[in-house]
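Here's the structure we're looking at; comments come further down.
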Protein chains: 2
Amino acid sequence: MLKISELSARTGLSAHTLRFYEKNGLITASNHSEAGYRFYTDADVRRAEFVKTARNSGFSLEDIGQLLSVRVDKLSHSCQQVTDITQHKLDEVNGKIAELQSLQQTLTILLESCCGGPENATHCSIMEALEEGEFRNNAGRETS
Amino acid sequence: MLKISELSARTGLSAHTLRFYEKNGLITASNHSEAGYRFYTDADVRRAEFVKTARNSGFSLEDIGQLLSVRVDKLSHSCQQVTDITQHKLDEVNGKIAELQSLQQTLTILLESCCGGPENATHCSIMEALEEGEFRNNAGRETS
DNA sequence: GTTGACCTTAGACTCAACTCTAAGGTTTAT
DNA sequence: ATAAACCTTAGAGTTGAGTCTAAGGTCAAC
Ligand SMILES: [Zn+2]
Ligand SMILES: [Zn+2]
Ligand SMILES: [Zn+2]
Ligand SMILES: [Zn+2]
């Protein structure tokens with residue numbers, strides 16, 4: 001039976017976070033002292049570690065809630081339900097990567113066009129590109 | 001002289017957003033009617049378009065504030081200051097991409113290991129991997 | 001028998017960039 | 001002269017995942 005600070009030490013999740021997760025239905029202490037202190041069993045520890053792993057894998061707390069309900073009753077959930085959650089997350093991640101790569105390209109083109117030197121910015125091609133509004137594929141070299 | 005709704009139509013930024021940007025020092029109307037209505041000049045329109053382009057390039061409002069101060073006084077700012085802002089943003093974007101790619105790999109490995117079928121999740125390898133906690137390079141095939 | 005470390009709760013605050021609401025004033029057209 | 005369509009402000013709400021505070025109760029050690 002661990003106190004909250006001990007579970008915190010085991011999992012690396014802060015006591016605050018553990019209480020927050022409890023409020024959100026993810027992790028509950030199986031036992032309580034008379035005074036109301038939380039006491040966590042080994043099963044609680046495993047559940048908390050599962051939550052932490054899932055969180056580190058990028059799942060949202062809502063996703064984790066679903067994964068946990070699979071976990072407590074594997075017989076009435078299917079592999080498909082699990083892959084659905086995972087695939088959905090992967091789609092989301094892929095989407096964000098694509099967005100960021102487009103941004104990356106834009107910024108790279110901007111950077112390549114500017115001399116980056118100590119001269120004043122009167123003819124800075126980054127400024128010109130931002131002024132133009134169209135630069136995703138035509139940022140020219142510094143003029144002058 | 002454009003009213004706020006007209007500037008909104010020109011730029012695609014909502015009137016709400018334009019007022020919000022004003023509160024944050026990005027875009028101000030050069031003129032006002034007696035009753036206090038904002039009236040925007042052509043220069044204001046260009047400034048607003050600059051802000052919009054910068055925003056679409058991924059710059060934060062704070063970054064945009066800095067870019068705008070370069071813009072209004074190019075002589076006392078250098079190309080280097082502009083590249084610093086841009087490079088910093090690019091580093092940030094690259095960092096996020098790397099994080100997401102690591103997530104992407106994790107999720108892909110998880111997905112590849114699971115059959116995704118309608119059978120129950122008793123031996124689901126995604127669940128097992130999350131239970132294990134270590135799966136970034138060793139997620140095995142579904143164990144029957 | 002009290003200090004100090006720990007625990008409890010409810011609820012406020014953080015970040016960023018909006019987004020919306022309430023309550024009211026103005027302009028334009030009919 | 002009145003309704004519709006616009007404008008103003010201050011300020012609250014949204015999102016997600018925490019993070020922190022206040023005000024107090026409990027427990028172990030010395
Ligand atoms: Zn230069
Ligand atoms: Zn430059
Ligand atoms: Zn399966
Ligand atoms: Zn499976």
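A note on names: the letters A, B, ... follow the listed sequences, proteins ahead of strands, and every chain is numbered from 1.
- Atom CG in B:Asn24 sits about 14 Å away from atom P in D:dA10, given to the nearest Å.
- Considering only the side chain of A:Arg38, C:dT8 comes nearest among C:dC18, C:dT8, D:dT9.
- One atom, NZ of B:Lys96, and another, C1' of C:dC15, lie 12 Å apart when rounded to the nearest Å.
- Side chain of A:Ser8 to backbone of A:Ile4: no donor-acceptor contact under 3.5 angstrom is found.
- Here the side chain of B:Tyr37 is nearest to one of D:dT19, C:dC18, D:dC7, namely D:dC7.
- Atom-to-atom, CG of B:Leu18 to P of C:dT19 comes out at 12 Å; the value is rounded to the nearest Å.
- Separating the CG atom of A:Asn31 from the P atom of C:dC7 is a distance of 16 Å, rounded to the nearest angstrom.
- Remark: the backbone N or O of A:His88 is not paired with any side-chain donor or acceptor of A:Asp91 at under 3.5 angstrom.
- Of the two residues contacting DNA chain C, namely B:Lys3 and B:Phe20, the nearest-nucleotide position lying further toward the 5' end is that of B:Phe20.
- Here D:dT15 presents its C1' atom at 13 Å from CD of A:Glu92, a figure rounded to the nearest Å.
- Nearest nucleotide to the A:Ile4 side chain, out of D:dC7, C:dT27, C:dC7: C:dC7.
- Counting heavy atoms from C-beta on, the side chains of B:Arg38 and B:Thr28 never come closer than 4.5 Å.
- The B:Ser5 side chain lies nearest to D:dC6 when the options are D:dA17, D:dC6, D:dG18.
- No hydrogens or angles were tested; on distance alone, nothing pairs the side chain of A:Tyr21 with the base of D:dG18 as donor and acceptor under 3.5 Å.
- For the pair A:Lys23 NZ and C:dT8 P, the computed distance is 13 Å after rounding to whole Å.
- B:Thr41 places a side-chain N or O within 3.5 Å of a backbone atom of B:Asp44 that can act as its donor or acceptor partner.
- We find that NE2 of B:His16 is positioned 18 Å from C1' of C:dA16, with the value rounded to whole Å.
- Residue A:Glu6 contributes atom CD, which lies 10 Å from atom P of C:dC6 at whole-angstrom precision.
- Comparing B:Arg55 and B:Glu34 along DNA chain C, the residue whose closest nucleotide (by nearest heavy atom) sits nearer the 5' end is B:Arg55.
- A:Ser102 is not listed as a side-chain neighbour of A:Glu99, based on a closest heavy-atom distance of 4.5 Å or more.
- Between B:Arg19 and A:Ser14, the residue anchored nearer the 5' end of DNA chain D, judged by the nucleotide with its closest heavy atom, is B:Arg19.
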